[in-house]
Structures are given as structure tokens and as C-alpha cells.
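Just below is one structure, and these are the notes that go with it.
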Amino acid sequence: MSTGSTTAKLLDAELLEELRKRLPEQLFEQLTRSVHSVELENRYLRELLRLERIAKYGPASEQLSDEQLELLEQEPGVSATELKAESERAQLLLPLKRPKQTPARQSLPAELPRIEQLIACSGQECTCRACGRKKVIIGYETAEQLDVEPAKYFVRVTKREKRACPHCPEQGVACAPLPPRIIEKSLASDRLIIETIVNKYADYVPLYRQSAILERDTGVELSRATLCGWVMRVGELLRPISRAMAEELLRGDYLQADETPVGVQMHDGRGQNHQAYLWQYSRPGGVVIFDFQLSRGREGPKRFLGNFDGILQTDGYSGYDRVGGAKLIHAGCWAHARRYFFQAVEAHPDDRAAIALVATIDELFAIDAQAREQNLSVTARDGLRQQRARPILESIMSQIEAARSQTLPKSALAKACNYSLTFWNRLTRFVDHPILELSTNAAENAIRPVALGRKNWIHFGSQDAGPRIAAILSIVETCRRLKIPIRDYLRSTLPGLANFPINRIAELTPTGWLARN
């Protein structure tokens, strides 16, 4: 603390003591309350200013003090590089430094094929300099590097035998049947179509860029519209599988839900995208389903969930209220509660109440982290929670009540407290339901690739494209979560899918595929 600020505090104390002596007690108490109210209002305004500056200068600015942020305001031409360097310098001034960890050398996966390259010794190295005799091989010095072969494009020529009996021309000609394909009579092979799907929805490469890459590497000009036609056909083929996956998910007793906006071209002459939504439903470690809806209203989850009577874990969005069956149980997300308190710390890095609450919530997550490290069963994890979580929850509640009474109602800390108190029953459900996770982080992780893709492909091309793209994303994210090679799955599922019996479609879901392979 500087000398100036210390002197100011001493003067304030002296002035208050002098006022206490000179003013009537009732007037002095009224003045004290007014001063306290002004202090809270000032704190709230500084909080808004700091959050606005953090939003302006980016995540790196969270580590800077108010004085440093004020200096940045006076330098409007500051670059992102300079900002990052300043935040790193600020971290170096902290009294506690984390020890630098030396990264361990990573071993390459054993399942990757190995191609050996033998480097022989030179003629001089093969001869002993002492006796002149030839040296014998006693072993090899081995080193491994991850290598790659660039994509190789070629034309696959399919020749089918045609046979006829020279003695019985009336029997006609027999021809070998074509193997089933994803798109019959298409110029593109199944593998090229699958690669287009994977590039766009697993690696976020938009179709116009894929079209440019194909023309650059092969000289073949395939328009974005052609590639889009492939994608739409695959999406339509996968929709029955996606519906079977949804039925599989709803037969369970626990799911998480989240939603994210997507732009949709409506082709109505306005020239503006409509903001639609992808609603994501999943079970941690299991199936992921995306449901396309034109709005964020309750109708979407109400229609999807139907009479689901299990546990529904979400954030605090009201769109999930009054959905599902009569016995549906709502559960909350501690990651969202913690995020609000962390934002209060961002607004006031010296706010001890907010810092303490973040640290106490972290103790809850530490319990589950220990369970994961020890590979405990759900029952064993519940025993650990029963032993340690209840006292932590009592501490969180008491800290929230104390912090709420000492802060301005509009402040970030007050909002964090109100959120936790509003959803306290949902947040504490994990104590009574062992299967529950502490947070919906798994659902958010499933949505994150959509946000990454949205930055590249920007919007859906039409309203009709929404359900088809949702089906593709459901397959891609479920395969990612179940660690199924997406190319292998699509190669074994898509060809001939149009003629597959609909009453056996459940055999083709990722979980069904995994059971067979």
C-alpha cells in the first residue's frame, strides 16, 4: 500500500471520529450509511469499467491491475502483442512462481504402422582400424519420428466383368454387380465424400476452401455447390441413425443439455441470417444428439424430451423448465456457479469474499478429481462425496449469505450469489443422486466444436439443411466421445444405407457399431 493511500485512510478515520463527536448520533449514523452506499456504488462502477476494459483488451488483460488498464486506455494504438507482454511481465512480479516443468518425451502410439529405414555404416566404418577385419552388426540405434504422406488423389477405374455364353446367345449377358455406394453414379468415390464430411465437421474446413484445395492439388474443378450436395445427401442418410441414437439416449435415466446459436440463410429476400439454435443432449461418456430448432423457445426441448422422467442437468436457462415427464428431476451445474464468482474476481482481483468462494467451490471439484485419479466407481465416488462434500456445501452457503449482505445488489458478486441461491436445490442434487456429475462441462465440450466450426463455415445454407447437419454432428461428436475412428465408422455404415431395413437401423448407431467391432 502506498504512503498516499495510507495517509488518506488515516485522514478518513480522523474525520469520522471528529464527526462522531460533533454530530447527533442519529445524523451521524445516517451519514455513515450514505457514505457506505456511495462506496458500494463507486465499487460497482469501477467493476463495470474493469469488465468493459477486459472485454475490450481480451483475456490477457485479466491479469493486469486497474492502473495498468488505465494506462492502456491512454494508448489507443496498443497491440495484442504488447498487451500479452505486459500481462506476462505482471505475472513475473508475483511473489509466488510456479516451478517450471520439463515436458516428458512423448511416445508414439503403438497402433500406428511402422516403416523402417535402415541406414548402413559407411565403408570406412565397416572396417576395424586396428586389425583391418570387417566389423559385425551387433545391434541398431533406433529413433522414431511421426511422419506423414500428403493426400494422394487418383482416378479409380471400376471394370466389371461381362460374360455371355457363345453357344446360347438367347441367355443374354451377365455383368458383375456394383458394390453399394453412398451416392449412386456420383463422380466422387465414397472415400472422397467421407473425407469432405470429416474435413468440414471434424476439422472445421469450409467447403469453399476444400473446393480450392481440390482444384490446386488435382486440377479438377468441383464447385462448392457440388460438395454441398454430397454433404446434404450424407446428412439425409444419417437422420434415421440420429433418431435411433436419440431413442437410445432417452431410454436412460440421466442426460445433460445445452444450446448454441447458429445462423441460417432463409432465402426470403431480406438478405439477413436468421438466428436458429442447435440443442445438444448427451450423457457423459455416451451418446451426443444435436437437435436443430429455429428458436430458443421451450418448444424444442419439450418436443425432444417428451415424457423423459430421468435427471436433466442444465445451466439456469428457463427454457428447460416445465419440460419432460412429471417425475423429471432438474439438476444444476457447479461450473456455471463458479464462473459467476470467478467473474466477480475478474472485476475485483482483491475481493477476498469472491476469491474464497471460488477456492471453496474448487474443493468440491477436487473430490471428483480424486475419484477420477483413483478410478473409483460411481458408488465409491458417492461415498467420498458423502464424507467430504456436505461440510463444503455448508461453508459455501454461509459464505454466500455473508457476501451478499456486504455488496451492492447489482455487482458481479451479488449476481453470483443470487444465481447460486436461486438454483441451490439443483446444485446440491449430486449429494442425493450419485450418478450426477458436478457440472455440464461434458455437454459444453460437445458444443465447443460447433462454435469452432461456426467461425469457419459461418452459417447453414438453408432451413432444410439444419436437421441434416444436426445428424452429421451427432455422429461426429458421438464417435469422438466414444473414441471411434470416424472414417472407419462412416466407411462401414454409409454405403448401401439408403436400402438398409429401417427396423434394424439401431444396429448402425455408434454404440451398436462399437459392440460389433
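As a basis for the values below, the full set of heavy atoms in this structure was taken, side chains included, without hydrogen atoms, waters or symmetry mates.
- Counting only distance, with no hydrogens or angles, the side chain of Thr428 and the backbone of Asn425 share a donor-acceptor pair below 3.5 Å.
- Across every non-hydrogen atom of Phe308 and Gly252, the tightest pair is CE1-O, 3.3 Å.
- Side chains of Ser398 and Ser395: a donor-acceptor N/O pair is absent below 3.5 angstrom, by distance only.
- Defined by atom type and a distance below 3.5 Å, a donor-acceptor pair is missing between the side-chain atoms of Ser377 and Thr379.
- Atom CG of Leu427 sits about 9.0 Å away from atom CD1 of Ile396, to the nearest 0.5 Å.
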For this session: With side-chain contact (heavy atoms from CB on, under 4.5 Å) as the test, would you mind laying out the steps for Val431 and Arg385 before giving the verdict?
Result: CA-CA 7 Å; Val431 179; Arg385 285 175 171 179; over 6 Å; no
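- When only modelled atom types and interatomic distance are considered, Asn273 and Gln275 share no side-chain donor-acceptor pair under 3.5 Å.
- Judged by distance alone, the side chains of Glu259 and Tyr320 do bring a donor and an acceptor atom under 3.5 Å apart.
- Between Leu255 and Leu250 there is a side-chain heavy-atom pair separated by less than 4.5 Å.
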For this session: Let me see the working for Phe341 and Ile400 under side-chain contact (heavy atoms from CB on, under 4.5 Å), right down to the final yes or no.
Result: CA-CA 10 Å; Phe341 287 111; Ile400 287 175; 3.9 Å; yes
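- At least one donor-acceptor pair under 3.5 Å links the side chain of His274 to the backbone N or O of Leu294.
- We find that Arg233 and Glu236 are not joined by a salt bridge, their nearest charged nitrogen and carboxylate oxygen being 4.0 Å or further apart.
- In Arg516, the CZ atom is crowded: over 12 heavy atoms of neighbouring residues, nucleotides or ligands sit closer than 6.0 Å.
- Counting non-hydrogen atoms of other residues, nucleotides and ligands closer than 6.0 Å to CD1 of Ile115 gives a total of 12 or fewer.
- Atom CG of Leu108 has more than 12 neighbouring heavy atoms from other residues, nucleotides or ligands inside a 6.0 Å radius.
- Under a 3.5 Å cut-off, the side chain of Thr226 and the backbone N or O of Leu222 do not form any donor-acceptor pair.
- Between Arg429 and Asp432 there is no salt bridge, since no side-chain nitrogen of the basic residue lies less than 4.0 Å from a carboxylate oxygen of the acidic one.
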Exercise. Hey, mind stepping through Gln256 and Thr314 against side chain to side chain donor-acceptor pair (under 3.5 Å) and telling me if it holds?
Worked result: CA-CA 6 Å; Gln256 298 180 338; Thr314 64; over 6 Å; no
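- Relative orientation of the Tyr419 and Tyr340 rings is tilted, given thresholds of 30° and 60° on the angle between their planes.
- The nearest pair of heavy atoms linking Val378 to Pro434 is CG1-O, 3.6 Å.
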Problem set entry | Tyr489 vs Asn517, side-chain contact (heavy atoms from CB on, under 4.5 Å): CA-CA, chis, key distance, verdict | CA-CA 10 Å; Tyr489 173 81; Asn517 292 274; over 6 Å; no
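- Once rounded to the nearest 0.5 Å, the distance linking CZ of Phe342 with CG of Asp362 reads 9.5 Å.
- Only one option out of Leu490, Ile241, Val234, Ile182 pairs with Leu497 in a side chain to side chain contact (heavy atoms under 4.5 Å, CB included); it is Ile241.
- Contact record, Val287 with Leu249: O-CD1, 4.0 Å, taken as the closest heavy-atom pair.
- Other residues, nucleotides and ligands contribute only 12 or fewer heavy atoms inside 6.0 Å of the CZ atom of Arg224.
- The shortest heavy-atom contact between Ala326 and Asp309 is N-OD1, 3.3 Å.
- Annotation: Asn307, atom CG; neighbour count of heavy atoms from other residues, nucleotides and ligands within 6.0 Å does not exceed 12.
- Contact check on Glu184 versus Arg181 returns no salt bridge, with no Lys/Arg side-chain nitrogen under 4.0 Å from an Asp/Glu carboxylate oxygen.
- In this structure a side-chain-to-backbone donor-acceptor pair under 3.5 Å is present from Arg298 to Ser318.
- Donor-acceptor pairing under 3.5 Å is recorded for the side chains of Thr511 and Glu248.
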For this session: Under the side chain to side chain donor-acceptor pair (under 3.5 Å) rule, what do Gln280 and Thr260 come out as? Steps first, then yes or no, please.
Result: CA-CA 8 Å; Gln280 183 269 159; Thr260 188; over 6 Å; no
For this session: Could you give me the CA-CA distance, side-chain angles and deciding distance for Asp203 and Arg209, then say whether salt bridge (charged side-chain N to carboxylate O under 4.0 Å, His left out) is met?
Result: CA-CA 12 Å; Asp203 299 327; Arg209 212 177 297 161; over 6 Å; no
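- A salt bridge links Arg283 to Asp253: at least one charged side-chain nitrogen sits closer than 4.0 Å to a carboxylate oxygen.
- Cys333 SG to Glu444 CD: the interatomic distance, rounded to the nearest 0.5 Å, is 6.0 Å.
- In this structure, Trp279 and Tyr317 have tilted ring planes: the angle between them lies in the 30° to 60° band.
- Within 6.0 Å of CD on Gln374 lie more than 12 heavy atoms contributed by other residues, nucleotides or ligands.
- Atom-to-atom distance recorded for Ser439:OG and Arg338:CZ is 11.0 Å, nearest 0.5 angstrom.
- Judged by distance alone, with hydrogens and angles left aside, the side-chain atoms of His433 form no donor-acceptor pair with the main-chain N or O of Ile329 at under 3.5 Å.
- Counting only N and O atoms by type, the side chains of Arg390 and Gln386 include a donor and acceptor under 3.5 Å apart.
- Thr493 and Trp513 form no side-chain donor-acceptor contact under 3.5 Å, judged by distance and modelled atom types alone.
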Problem set entry | Test side-chain contact (heavy atoms from CB on, under 4.5 Å) applied to Tyr281 and Asp291, step by step | CA-CA 8 Å; Tyr281 306 91; Asp291 182 43; 4.0 Å; yes
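- A salt bridge does not link Glu394 to Arg388: none of the charged side-chain nitrogens sits closer than 4.0 Å to a carboxylate oxygen.
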